[in-house]
Amino acid sequence: MTECSDWHVLADRMRRCVACSELAASRQHVVVGEAPPSARLMFVGEAPGASEDEQGRPFVGKAGQVLDAALVAAGLSRDEVAVANVLKCRPPGNRRPLPAEIGNCRGWLTAQLDLVRPALVVPLGLTSIAWFLGPSKLLLREVRGRVHDVDGLRVLPTYHPSGALRYGPNGEPMRALRADIALAASLAT
Ligand code: URA
């Protein structure tokens, strides 16, 4: 995938980040994310898992397969969309990101959004949704599937692919995830 040079400059800085000492010590890769220059849609997950940490790419494990399948069903491919995470480093044992870690990493995602300037952002799961909408008592089923205006940024929250997987391939969260990604594709392309 070709990304704009500013993205590469930013990525190089991210790879040297040691703001979270525990994560910096345990990571194999800083998973910067991916953004083709023409991307109009940007997906934002929570944090890299084991496969992502190993390969240095976002959403390449089981959750990534679910995301890819939903993209294809919506007429899109991974090469056309930007993908990033709230945290760029894997929390040990895949624990939830700590508030301090989310704070330390905040500037990186903000800079990525400024560079990509997506027409629509799709936060995947509650950690990412809270990053965009604020951490008030959010119920995923109440905020998903519709566009929220966040200081001029259009945000369409949906389930995290791993969360949807827990309810099975025919569960309601998977159906909602697929429907929301299809809606995102129709709004942003
Ligand atoms: N889960 C995420 O939130 N992000 C990834 O990159 C992989 C799994």
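Atoms within each ligand, like the ligands themselves, are counted from 1 in listed order. Numbering starts at 1 and runs along the sequence shown. Every value quoted in this text rests on a predicted model; they were computed, and no experiment measured them.
The Glu46 neighbourhood of ligand 1 comprises atoms 2 (C), 3 (O), with distances under 4.0 Å to a heavy atom of that residue. Residue His160 has at least one heavy-atom neighbour below 4.0 Å for each of these atoms of ligand 1: 1 (N), 2 (C), 3 (O).
When Leu87, Asn85, Val86 are ranked by how near their heavy atoms come to atom 6 (O) of ligand 1, first place goes to Asn85. Closest heavy-atom approach to atom 5 (C) of ligand 1 within the set Gly45, Ala47, Pro58: this belongs to Ala47.
Residues Phe43 and Ser128 have side chains not in contact (no heavy-atom distance under 4.5 Å, counting atoms from C-beta outward). Put simply, the side chain of Lys88 does not reach to within 4.5 Å of the side chain of Val31, judged on heavy atoms. Using a 4.5 Å heavy-atom cutoff, the side chains of Leu23 and Glu101 are in contact.
Arg90 and Ser26 share no donor-acceptor pair across their side chains, judged by distance under 3.5 Å alone.
Between Pro48 and ligand 1, no N or O atom pair is found at a separation short of 3.5 Å.
Contact record, Leu156 with Arg146: CD1-N, 3.2 Å, taken as the closest heavy-atom pair.
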